[in-house]
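In this text the structure is predicted, and so the values were computed from the model without any measurement.
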Amino acid sequence: MDKKEQVTLTREELKRAMVLDKWISGHLTETDVASALGISVRQAYRLKAKYVHGGAQVLAHQNRGRKPIHTLSDELKQRVADLYRGPYHGSNAVHYAELLQERENIKLSVSSVRRILIEHGLKLPRTRRSFVKTHRPRTRKPQAGMLWQIDSSPFAWLEDRGPSLTLHGIIDDATGEVLGAVFRPTETFEGYALAMMQALRSRGVPMALYSDRHTIFRSPQEALTLEQELAGETKPLSNFGKAVADLGITHIKALSPQAKGRIERLWQTFQDRLVIELRLLGVCSEQEANRVLPSLLKKHNRRFAVKPQQVESAYRPLPNELKLEHVFTRREIRKMGGGQTFSWNGKCYTPTPVKGLPLWEPKAVIEVRETMQGEVLIWHNNRAWICTETTRQAKPVANVANKKSEPATPRKPAADHPWRKGFTNTRFQRSIAR
């Protein structure tokens with residue numbers, strides 16, 4: 001049997017052969033053939049000529065049974081599957097395609113990567129959601145610096161290689177650019193302060209800041225203390241809230257996670273991608289994670305940041321003389337004691353003598369700040385006065401050495417003491433006499 005006669009025809013191709021046979025035998029006209037096959041009369045004559053000279057096999061597609069010249073080799077498919085089983089496991093198809101091109105010099109489309117993984121029985125971590133979002137996304141701010149969103153995300157960022165960490169981050173609402181981030185063991189004031197200082201130094205002072213209602217951002221006190229009223233405070237603020245107020249930033253506290261959805265969506269992206277990136281870099285500790293984090297943020301911003309609607313920026317320049325280490329501090333109101341000393345954390349401190357140091361009267365109200373490095377200072381007239389630990393002088397006691405530790409002699413009332421006299425009620429006696 002000839003090789004061409006072994007070609008298996010589809011149902012549509014068999015229909016064409018039958019219609020052409022009836023045309024050749026004179027049972028159908030060319031118009032009937034064109035109408036039955038859904039082609040033009042001219043195309044029907046071309047098809048008839050090919051059928052007469054080549055037989056039914058010419059009706060089959062000529063590429064049937066051939067391997068496409070642009071097909072992926074089995075070796076390449078196997079390598080892509082093996083790499084996914086290895087260091088790249090858990091990444092989605094889009095991220096995996098980017099990593100293959102970046103780290104393995106393998107350029108494949110996302111659909112090709114997804115098809116290869118499915119053919120090898122490898123399950124992708126996430127599927128497209130079928131439900132409709134209930135919250136309409138809020139429109140981005142038109143200018144960069146009009147609104148920052150700040151939040152933290154506790155997660156197993158290092159998987160089983162290291163401790164569980166909490167990532168503190170700040171994102172610009174207009175551009176989606178991550179401006180600052182830092183890892184800490186838990187959600188802390190220090191983590192938010194370091195992220196804020198990174199963002200302020202790189203971009204400037206924004207107009208507003210959006211956060212949740214954690215006690216780091218708001219004070220749990222409902223009323224001001226007497227010391228706070230004397231210090232001129234108008235409403236209770238947390239240490240972070242006081243720092244934001246000093247910078248002239250409007251602090252907005254969200255009532256739900258959906259209100260700050262921009263940064264909530266960022267955590268989903270980081271939990272998909274950042275975990276894989278940290279794994280590929282072999283990061284196993286908090287210090288290593290913070291060391292490689294800036295380069296990973298730059299990579300993320302190149303991939304996901306967008307241009308603002310307006311070119312003008314809403315940022316204000318950060319004053320050159322301002323030290324952010326003196327702004328993001330722990331603050332409390334104290335009273336100055338005698339000898340220019342005050343108490344802080346169970347220790348006695350005094351201002352370091354420098355030129356222009358003011359003198360405070362005893363019981364004067366002062367604001368004491370402690371930096372994240374443990375430095376204690378007095379904040380007075382928008383200036384920091386560094387303080388040093390000192391010893392508190394004890395009050396002298398006369399004849400302390402000669403004083404004996406004997407019990408005191410009990411005192412006895414005199415013989416004519418009123419306590420020894422009986423009870424008499426003159427008014428009661430007069431009433432009886434009447």
Distance-only donor-acceptor hits, side chain of residues 321-328, under 3.5 Å, sequence neighbours excluded:
from   : atom 1 : to     : atom 2 : distance (Å)
Glu325 : OE2    : Arg201 : NH2    : 2.5

Trp267: partners by ring pair (Phe, Tyr, Trp, His ring centres under 6.0 Å), with sequence neighbours left out |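 Trp267 satisfies ring pair (Phe, Tyr, Trp, His ring centres under 6.0 Å) with no other residue.
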
Show the nearest heavy-atom pair for residues [X] and [Y], with the distance to one decimal.
{"X": "Thr186", "Y": "Thr166", "answer": "CA-OG1, 3.6 Å"}
{"X": "Lys48", "Y": "Ile24", "answer": "CE-CG1, 4.0 Å"}
{"X": "Leu359", "Y": "Gln340", "answer": "CA-OE1, 3.8 Å"}
{"X": "Leu274", "Y": "Phe183", "answer": "CD2-CZ, 4.1 Å"}
{"X": "Leu72", "Y": "Ser112", "answer": "CD1-CB, 4.4 Å"}
{"X": "Gly248", "Y": "Arg316", "answer": "O-NH2, 3.2 Å"}

Just how far is it from atom [atom1] of [X] to atom [atom2] of [Y], taken to the nearest 0.5 Å?
{"X": "Glu332", "Y": "Glu367", "atom1": "CD", "atom2": "CD", "answer": "10.5 Å"}
{"X": "Met196", "Y": "His168", "atom1": "CE", "atom2": "NE2", "answer": "13.0 Å"}
{"X": "Asp212", "Y": "Gln149", "atom1": "CG", "atom2": "CD", "answer": "11.0 Å"}
{"X": "His120", "Y": "Tyr84", "atom1": "NE2", "atom2": "OH", "answer": "13.5 Å"}
{"X": "Asn290", "Y": "Arg184", "atom1": "CG", "atom2": "CZ", "answer": "5.5 Å"}

Answer yes or no: is there a donor N or O on one side and an acceptor on the other, between the side chain of Asp172 and the main chain of Ala174, under 3.5 Å?
->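 Checked: pair present.
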
Thr350 side chain to Thr341 backbone, donor-acceptor under 3.5 Å |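 Here the side-chain-to-backbone pair does not exist.
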
Name all residues meeting the side chain to side chain donor-acceptor pair (under 3.5 Å) criterion together with Tyr96; count only those two or more places apart in sequence or in a different chain, and write none if there are none.
->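 If we apply the side chain to side chain donor-acceptor pair (under 3.5 Å) test to Tyr96, skipping adjacent residues, there are no hits.
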
In a check of salt bridge (Lys or Arg N to Asp or Glu O under 4.0 Å) between Asp173 and each of Arg265, Lys141, Arg140, Arg262, which one passes?
->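 The salt bridge (Lys or Arg N to Asp or Glu O under 4.0 Å) with Asp173 is passed solely by Arg262 among Arg265, Lys141, Arg140, Arg262.
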
Could you check Lys260, His251, Lys253 and say which one makes a side chain to side chain donor-acceptor pair (under 3.5 Å) with Ser211?
->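 Of the listed residues Lys260, His251, Lys253, the side chain to side chain donor-acceptor pair (under 3.5 Å) partner of Ser211 is His251.
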
With salt bridge (charged side-chain N to carboxylate O under 4.0 Å, His left out) as the test, would you mind laying out the steps for Glu98 and Arg273 before giving the verdict?
-> CA-CA 11 Å; Glu98 296 174 1; Arg273 290 173 167 259; 2.9 Å; yes

Using the benzene-type ring in the case of Trp, are the ring centres of Phe155 and Phe270 under 6.0 Å apart?
->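 That pair fails the under 6.0 Å test.
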
For the side chain to side chain contact (heavy atoms under 4.5 Å, CB included) test, which of Glu312, Gln309, Met207 pairs with Gln143?
->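 So the option named by the test is Glu312.
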
